[in-house]
Structures are given as C-alpha cells and as structure tokens.
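Structure first, commentary second.
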Amino acid sequence: MNRIGLILLASVILVSCSNKFSKTLKSKDYEYKYKMAEQYYAKKDYTKAQVLFEDIFPYVKGTARYEDMYYKFAYSYYYQADYLNAENLFKSFVENFPNSTKGEECDYMRAYCYFKQSPKVDLDQTNTNKTMQLMQVFINTHPSSKRVQDATDIIDKCREKLEAKEFKGAELYYNLGFYKAAAIAFANVSDNFPDSKRADEYKLQVIKAYFRYAEMSYEEKQKERFEKVISECVDFQDRYADSKYLDEVNKFKLQSTNYIKNQKNEQAKKANER
C-alpha cells in the first residue's frame, strides 16, 4: 500500500474510533459506559477512560464499583502527567475511603505527585519542601510499609536539591563580590546540611569569603576581619581534621596571621617615627 493509501486508512480508523467514543459518551446505558471505560483504561487510553469515569460517577457512587473507579480515575490523571489534579484525587481517595486496602498506596502517590512537580534547582522549591513533608508523614503513618525506603530515598533527593539551591545562592553572592553576605550564606548551607558530603567544602567557602571580605576592607577594619578568618580556620581544623582541604585552610590561616603581624609592625614603625 502506498503512502497516500496508508494516510487514508489511518484517517478512516481515527474517524471510526472517534465516532465510536462519541456514541459511547452519548449512550444512556451506563453499564455499557462502565465496561467501555474499563476497556479504555486497560488499553492505556487514559483520556477517554477519564471522560467516561467522570460521566458515570453519579451512577456508581455508593456501589461496590465506586472505590476501584475512583482509584483508576486518579491514576488516569497521573499517567497523563497531570500531577496537580492527580495529587488532589489521591488525597480525596484517602479521605473518601479511609478503610481501603489501597489507602497506603494513595497516601504515597499523593506525596509522589508533589515530587513529580519538583522543579529545577534554580526555581521555587515549594513542591520540593511539600514532598519532604508528605513523605515524612507517610513514613510516620505507615512505618512498616514496603514503600518506606522509597520515601526515605526521595526525601534525601529533595534535601540534595535544596542544598544545591542554597549553595548556588551563596556562590552568586561570592561571584558578585558581596563577600560578607556570601560568607553568611555559605555558613547557613553548612549549618542547614551538617551531614552533607560537602560540609567541609562549604566551610572552606566561608573562609574564602571572609578572607576576601577582609582584603577588601578599610585598613582600620582589617585586623578584626582577618581575626574572623583565623577563627573560622581553627573551627575548620577542629571539625574536619581529615579533610582534603586542610592544606588550603592552613594557607588562609597563615596569610591572615601574617597580615595582622605585618600591620602591627607597620603601626609600631609609624609610632616610632613620630
């Protein structure tokens, strides 16, 4: 069959399918509609299944079919990547069917829908925070669930994303030359994520930022600010004695110590010349 023939055949099939669905939707036989909705769902034609499920909800509410249909209705949104509506439906499922055997799964899926909406690191992380909150609630509510490990892993991924966002913010301050603000921001990253694999790196960035801040300061402020660098270096040595950055930190400490010593010598020299 040539290309034009294939296109015509495909068009005929599409029109036929469209007409069949249209007739199904207009039908007053709700048992037939239910069977067709199940068929569409099984074939992963979630758009059509969704429309039919919604149409027959009033007729199955209160029956044995209602719970399973509501469950599939929620998933029909999820499988189409409409996570906003899917989340709301999974939440409603748990509220409407508190004793359902599918309740635990829907509790998890509600939180997972927020995770699917978690954006790139540079954007607002409201959904990331909400994911962590709901996954922790899930863990607390279902401590023996087989999904607890998955929930824990997702919380860790979310924390890594929040950590990366805070680090980028601190790095931006540094690159723009706002060294004091950068030092404070890097310190916040270190404090907020004390168990991070990069904790010593964040502390090094604090030292670098305070060192640059001291260098760029007026002379009368430099002694105090280099003393702050030394204080941060000592803290680093105490906390990260095995860090690969220790040599670099020692250099900042030595440079700061020498600067203060040289400044004292200069001041003493000027005093003697008077």
Side-chain angles (χ1 to χ4, degrees), residues 118-133 136 152-274:
S118 178
K120 294 179 181 178
V121 168
D122 296 330
L123 302 177
D124 177 73
Q125 296 301 313
T126 298
N127 284 327
T128 307
N129 283 302
K130 189 68 175 179
T131 300
M132 293 173 65
Q133 177 191 334
Q136 189 59 58
T152 302
D153 291 343
I154 286 173
I155 289 173
D156 289 342
K157 288 178 183 177
C158 288
R159 284 182 63 80
E160 287 173 7
K161 183 177 282 190
L162 295 177
E163 180 181 335
K165 183 174 177 62
E166 285 197 30
F167 179 77
K168 280 195 167 189
E171 200 171 42
L172 180 62
Y173 280 129
Y174 187 90
N175 292 337
L176 291 173
F178 301 133
Y179 299 116
K180 184 178 181 181
I184 294 169
F186 281 125
N188 286 337
V189 181
S190 181
D191 291 341
N192 292 339
F193 303 95
D195 299 324
S196 171
K197 295 176 183 177
R198 300 177 65 188
D200 57 343
E201 180 186 347
Y202 300 147
K203 187 67 171 179
L204 172 63
Q205 295 300 327
V206 172
I207 293 167
K208 281 184 176 181
Y210 273 127
F211 185 83
R212 292 290 290 136
Y213 180 56
E215 275 190 320
M216 302 296 289
S217 298
Y218 290 113
E219 187 177 342
E220 60 269 23
K221 294 285 186 179
Q222 285 184 314
K223 178 178 178 295
E224 171 192 341
R225 291 171 183 173
F226 277 115
E227 285 174 348
K228 175 65 174 173
V229 176
I230 294 169
S231 173
E232 292 291 341
C233 290
V234 170
D235 187 45
F236 185 101
Q237 291 167 333
D238 290 341
R239 291 168 63 180
Y240 308 108
D242 298 324
S243 172
K244 64 182 180 181
Y245 300 115
L246 197 57
D247 287 344
E248 195 171 351
V249 168
N250 288 335
K251 287 178 183 178
F252 279 114
K253 183 182 178 184
L254 181 61
Q255 285 179 290
S256 298
T257 302
N258 287 340
Y259 185 89
I260 293 171
K261 193 181 295 183
N262 291 338
Q263 190 182 57
K264 282 182 180 178
N265 290 339
E266 284 295 320
Q267 288 172 347
K269 183 178 178 182
K270 287 179 181 178
N272 290 333
E273 288 175 353
R274 288 175 187 163

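- Side-chain atoms of Ile260 and Ile230, non-hydrogen and from C-beta on, do get closer than 4.5 Å to each other.
- For the residue pair Tyr213 / Arg225, a side-chain donor-acceptor distance below 3.5 Å is found, with atom types taken as modelled.
- Considering only heavy atoms from C-beta on, Tyr174 comes within 4.5 Å of Tyr179 through its side chain.
- Taking the six-membered ring where the residue is Trp, Phe167 and Tyr202 present tilted rings, their angle falling between 30° and 60°.
- Shown here are the ring-ring contact (aromatic ring centres under 6.0 Å, His included) partners of Phe193, two or more places apart in sequence or in another chain: there are none.
- Surrounding OH of Tyr240 are more than 12 heavy atoms belonging to other residues, nucleotides or ligands, all under 6.0 Å away.
- Closest approach of Ala182 and Ala170 over heavy atoms only: CB-O, 3.8 Å.
- For the residue pair Glu166 / Asn188, no side-chain donor-acceptor distance below 3.5 Å is found, with atom types taken as modelled.
- Minimum heavy-atom separation, Val121 to Ala164: CG1-C, 3.9 Å.
- Summarising the geometry, atom OG belonging to Ser196 is positioned 8.5 Å from atom CD belonging to Glu201; distances are rounded to the nearest 0.5 Å.
- Gln222 contributes atom CD, which lies 8.5 Å from atom CD of Glu220 (distance to the nearest 0.5 angstrom).
- Side-chain contact between Val234 and Gln237 is present, with heavy atoms from C-beta onward closer than 4.5 Å.
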Q: Please lay out, stage by stage, how Glu160 and Lys157 fare under the test salt bridge (Lys or Arg N to Asp or Glu O under 4.0 Å).
A: CA-CA 5 Å; Glu160 287 173 7; Lys157 288 178 183 177; over 6 Å; no
**Q.** Chi angles and distances behind the side chain to side chain contact (heavy atoms under 4.5 Å, CB included) call for Phe236, Leu246
**A.** CA-CA 8 Å; Phe236 185 101; Leu246 197 57; 3.9 Å; yes
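- With contacts defined as side-chain heavy-atom distances shorter than 4.5 Å, the pair Phe252/Leu204 qualifies.
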Q | salt bridge (Lys or Arg N to Asp or Glu O under 4.0 Å) evaluation trace for Lys228 with Glu232 | A | CA-CA 6 Å; Lys228 175 65 174 173; Glu232 292 291 341; 3.1 Å; yes
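- With hydrogens and angles ignored, the 3.5 Å screen pairs a side-chain donor or acceptor of Gln125 with a backbone N or O of Lys120.
- Heavy-atom minimum distance, Ser256 versus Val229: OG-CG1, 3.3 Å.
- Counting only heavy atoms from C-beta outward, the side chains of Phe211 and Lys208 never approach each other to under 4.5 Å.
- Between Glu219 and Gln263, the shortest heavy-atom distance links the atoms O-NE2, 3.1 Å.
- The one candidate from Thr131, Asp156, Thr128 that meets the side-chain contact (heavy atoms from CB on, under 4.5 Å) condition with Lys161 is Thr128.
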Q: With salt bridge (Lys or Arg N to Asp or Glu O under 4.0 Å) as the test, would you mind laying out the steps for Arg239 and Asp235 before giving the verdict?
A: CA-CA 6 Å; Arg239 291 168 63 180; Asp235 187 45; 3.1 Å; yes
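- Counting only heavy atoms from C-beta outward, the side chains of Phe226 and Glu215 approach each other to under 4.5 Å.
- A distance of 11.5 Å separates CD in Gln255 from CG in Asn262, rounded to the nearest 0.5 Å.
- Of the inter-residue distances, the one linking Cys158 atom SG with Gln136 atom CD reads 11.5 Å to the nearest 0.5 angstrom.
- Put simply, the side chain of Lys165 gets close to the backbone of Asp122: a donor and an acceptor are under 3.5 Å apart.
- When only modelled atom types and interatomic distance are considered, Glu163 and Asn192 share no side-chain donor-acceptor pair under 3.5 Å.
- Considering CE of Met132 and OG of Ser118, their distance stands at 10.5 Å, rounded to 0.5 Å.
- When every heavy atom of Ile207 is checked against every heavy atom of Cys233, the shortest pair comes out as CG2-SG, 3.8 Å.
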Q: Go through Gln205 and Val189 one step at a time and tell me if the side chain to side chain contact (heavy atoms under 4.5 Å, CB included) criterion holds.
A: CA-CA 10 Å; Gln205 295 300 327; Val189 181; over 6 Å; no
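- A distance of 12.0 Å separates NZ of Lys253 from CG of Asn258, quoted to the nearest 0.5 Å.
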